[in-house]
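The structure under discussion appears below in the form of structure tokens.
This structure is a prediction, so every number in the text was calculated from the model and none was measured.
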Amino acid sequence: MPVVEESVVVARPPQEVFDFVSKFQNVAVFDSSVTTSEQVGDGPLGVGTRGRGTSKVMGRQFDWTVEVTEFDPPRRMVSRSVEGKLDFTITFTLEPADGGARLTQRIDAASGLGGVFGKLADPLVERAQGRTVRANLETLAEWLVEHPQT
């Protein structure tokens, strides 16, 4: 199972970071591969909540729907794809660090991140996605410092 995992320290309390990254409507704010994202339904966020969106990876666009499978504020949230071309799980983990929060994002792709492109593309897509995830987390860290209490 291909895995991409990156971390960043955010100069905000873990709860504030968790509150921001756990809202589906915020994903497109910090994830450059996501063009749209939203929560499905109006209920409170928790296990069973679904989110949907559209991503563009290496020039290819795909729609996705995920379902929250673990929800432990402000420490951990796991979402698993339930509809779309790729089978993936995204995990956000937070822990106190350096007066703020260490945010780790992990992407596990069952069929390989290159599944849309073919198995031979997996290593290329994984490296590119790793760079993208790292850049996204750095953007998120800067954004949260500039926009506290968002």
Residue pairs involving residues 93-104 (criterion side-chain hydrogen bond (donor to acceptor under 3.5 Å, both in side chains); sequence neighbours excluded): Ser7-Thr104

Those residues at least two apart in sequence (or on a different chain) that pass side-chain hydrogen bond (donor to acceptor under 3.5 Å, both in side chains) with Ser55 are Trp64

Do Ser32 and Thr132 make a side-chain contact, defined as non-hydrogen atoms from C-beta onward lying under 4.5 Å apart? yes

Which pair of heavy atoms, one from Pro14 and one from Leu94, lies closest together, and at what distance? O-CD2, 3.8 Å

Hydrophobic cluster identity match, Val40 and Val47, side-chain contacts under 4.5 Å: no

In terms of hydrophobic clustering (I, L, V, M, F, W, Y; side-chain heavy atoms under 4.5 Å; direct or indirect links), are Phe62 and Val4 co-clustered? yes

Minimal heavy-atom distance between Thr65 and Arg50, with the atoms involved, is CG2-CD, 4.2 Å

Which heavy atom of Ala141 sits nearest to which heavy atom of Val10, and what is that distance? CB-CG2, 3.9 Å

Residues in ring pair (Phe, Tyr, Trp, His ring centres under 6.0 Å) with Phe71, at least two apart? Phe18

dist Leu144:CG -> Leu103:CG (nearest 0.5 Å) comes out at 9.0 Å

Donor-acceptor pair, distance only, cut-off 3.5 Å: does the side chain of Thr49 make one with the backbone of Pro44? yes

Is there side-chain contact between Ile107 and Val133, with heavy atoms separated by less than 4.5 Å? yes

Calculate, to the nearest 0.5 Å, the distance between atoms CD and OG belonging to Gln15 and Ser22 respectively. 8.5 Å

Any non-hydrogen side-chain atom of Val78 less than 4.5 Å from a side-chain atom of Arg76? yes

Spacing of CD belonging to Gln61 relative to NZ belonging to Lys85, to within rounding of 0.5 Å: 9.0 Å

Ignoring hydrogens, what is the shortest heavy-atom contact between Gln39 and Asp42? Give both atom names and the distance. NE2-C, 4.2 Å

Between Glu6 and Leu137, what is the shortest heavy-atom contact and its length? O-CD1, 3.3 Å

Side chains of Phe30 and Val21: does their closest heavy-atom pair fall under 4.5 Å? yes

Do NZ/NE/NH1/NH2 and the carboxylate oxygens of Glu67 and Arg80 come within less than 4.0 Å? no

So, using salt bridge (Lys or Arg N to Asp or Glu O under 4.0 Å) as the criterion, who are the partners of Arg106 when residues are at least two apart? Glu5, Asp108

Only counting residues at least two apart or in another chain, list the ones meeting salt bridge (Lys or Arg N to Asp or Glu O under 4.0 Å) with Asp63. none

Output all residues satisfying salt bridge (Lys or Arg N to Asp or Glu O under 4.0 Å) with Glu142, sequence neighbours left out; order by chain, then residue number. none

Find out whether Val68 and Phe24 are in side-chain contact, i.e. whether some heavy atom of one side chain is under 4.5 Å from a heavy atom of the other. yes

Which atom pair, heavy atoms only, marks the closest approach of Ala97 to Val9? O-CG1, 3.9 Å

